[in-house]
Colleague: 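Once you've had a glance at the structure underneath, I'll fire off some questions.
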Amino acid sequence: SRITDEFVLYRNTFILNNAKYKKLKHHNSMHAQRVLLLALTLSELLNLSDEDRSVLANFGIYHDIGRQDDKEDPKHGLASLKYLKRMLGFSKPVQITCKGLKKDYVLDNVSGESFEILKWIIEYHCRPSKEAFDKLEKSKIGDKDRAKKLYRLAKDSDALDRVRINDLQYDKLRFEESKKLIVYAK
């Protein structure tokens with residue numbers, strides 16, 4: 001399936017060989033893989049564009065890469081964004097085409113406004129939504145409705161992995177499709 005193909009390609013290309021993933025108990029490469037899978041699944045359920053799928057996939061991969069520990073840390077999104085910027089040399093991700101099982105997939109297909117949205121989501125995913133949306137209103141991002149939708153989907157993808165530690169708050173999930181994935185997330 002497309003989800004499986006994309007998941008394996010993203011995981012093998014960006015997660016498994018990335019030494020930056022710390023040996024943390026909860027926020028580790030397994031968490032990144034699970035959030036990636038949940039993001040791709042939500043993308044499929046909601047029939048998102050390839051570009052929006054890529055934004056959410058990249059969020060899953062990089063959202064916690066700047067974490068130093070598993071404690072609550074409202075600044076780890078900024079640390080993750082700084083790490084991503086250093087890694088990319090402040091440019092957009094390089095387009096990488098990988099051979100899939102049934103077709104070729106372009107990974108990291110995020111540029112222009114989508115890249116700005118990705119950076120904003122990574123930085124603010126651990127902050128209150130009001131603060132994130134206030135920052136969005138002051139940003140140069142043009143399609144604020146799209147940015148808000150992707151932010152909410154990213155937050156749901158991350159939140160769904162909390163079933164692993166028995167800390168999911170069902171009432172905070174933003175999409176009905178997310179609520180239907182709780183058993184899948186286990």
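These numbers come from a predicted model, not from an experiment.
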Colleague: Looking at residues at least two apart in the chain, or sitting in another chain, which of them share a ring pair (Phe, Tyr, Trp, His ring centres under 6.0 Å) with Y184?
Modeller: none
Colleague: Please determine whether salt bridge (charged side-chain N to carboxylate O under 4.0 Å, His left out) holds for the pair R67 and D64, giving the CA-CA distance in whole Å, both sets of side-chain angles, and the decisive distance to 0.1 Å.
Modeller: CA-CA 5 Å; R67 271 191 171 276; D64 282 343; 3.7 Å; yes
Colleague: Show me the side-chain donor-acceptor pairs of residues 173-182 shorter than 3.5 Å, one per line, residues at least two apart or across chains.
Modeller:
residue : atom : partner : partner atom : Å
R174    : NH1  : D156    : OD1          : 2.8
R174    : NH1  : K172    : O            : 3.2
S178    : OG   : D156    : OD2          : 2.6

Colleague: For S80 and H63, indicate whether the former's side chain and the latter's backbone hold a donor-acceptor pair under 3.5 Å.
Modeller: yes
Colleague: side-chain hydrogen bond (donor to acceptor under 3.5 Å, both in side chains) for R34 and S157? Distances and angles first, verdict last.
Modeller: CA-CA 8 Å; R34 290 172 58 87; S157 299; over 6 Å; no
Colleague: What I'd like to find out is whether the side chain of R127 reaches to under 4.5 Å of the side chain of P74, using heavy atoms alone.
Modeller: yes
Colleague: Using a strict cut-off of less than 4.0 Å between a Lys/Arg side-chain nitrogen and an Asp/Glu carboxylate oxygen, indicate whether K148 and D143 qualify as a salt bridge.
Modeller: no
Colleague: Would you confirm whether N28, through its side chain, and K25, through its main-chain N or O, come within 3.5 Å as a donor-acceptor pair?
Modeller: yes
Colleague: Can you tell me if NZ on K135 sees more than 12 non-hydrogen neighbours from other groups inside 6.0 Å?
Modeller: no
Colleague: Apply the test ring-ring contact (aromatic ring centres under 6.0 Å, His included) to residues H76 and H125: give CA-CA distance (whole Å), side-chain angles for both, the deciding distance (0.1 Å), then the verdict.
Modeller: CA-CA 9 Å; H76 79 269; H125 81 276; 4.8 Å; yes
Colleague: Could you note down all residue pairs passing ring pair (Phe, Tyr, Trp, His ring centres under 6.0 Å) where residues 132-170 supplies at least one of them, sequence neighbours left out?
Modeller: W120-Y151, F133-Y151
Colleague: Return yes if some donor-acceptor pair links the side-chain N/O of S43 with the main-chain N/O of R53 below 3.5 Å, else return no.
Modeller: no
Colleague: Let's go through D70 and H26 carefully: what are the C-alpha distance in whole Å and the side-chain angles of both, what is the deciding distance for side-chain hydrogen bond (donor to acceptor under 3.5 Å, both in side chains) to 0.1 Å, and is it a yes or a no?
Modeller: CA-CA 6 Å; D70 279 324; H26 300 299; 5.0 Å; no
Colleague: More than 12 heavy atoms of other residues, nucleotides or ligands under 6.0 Å from CD of E72: is that the case?
Modeller: no
Colleague: Can you get from M30 to F59 by hopping between Ile, Leu, Val, Met, Phe, Trp and Tyr side chains that sit under 4.5 Å apart?
Modeller: no
Colleague: Only one of L136, L153, V55 forms a side chain to side chain contact (heavy atoms under 4.5 Å, CB included) with I121, so which one is it?
Modeller: V55
Colleague: How long is the straight-line distance from CG of D171 back to CD of Q169, given to the nearest 0.5 Å?
Modeller: 6.5 Å
Colleague: Side chains of R11 and S29: donor-acceptor distance under 3.5 Å anywhere?
Modeller: no
Colleague: Quick one: do the H31 and D158 side chains pair a donor with an acceptor below 3.5 Å?
Modeller: yes
Colleague: Are the side chain of Q68 and the backbone of G66 linked by a donor-acceptor contact shorter than 3.5 Å?
Modeller: yes
Colleague: How far does CG of L150 sit from CG of D52, to the nearest 0.5 angstrom?
Modeller: 4.5 Å
Colleague: Let me confirm one number: the CG-NZ distance from N58 to K119, rounded to the nearest 0.5 Å.
Modeller: 13.0 Å
Colleague: Any chance you could measure T41, atom OG1, to L37, atom CG, to the nearest 0.5 Å?
Modeller: 4.5 Å
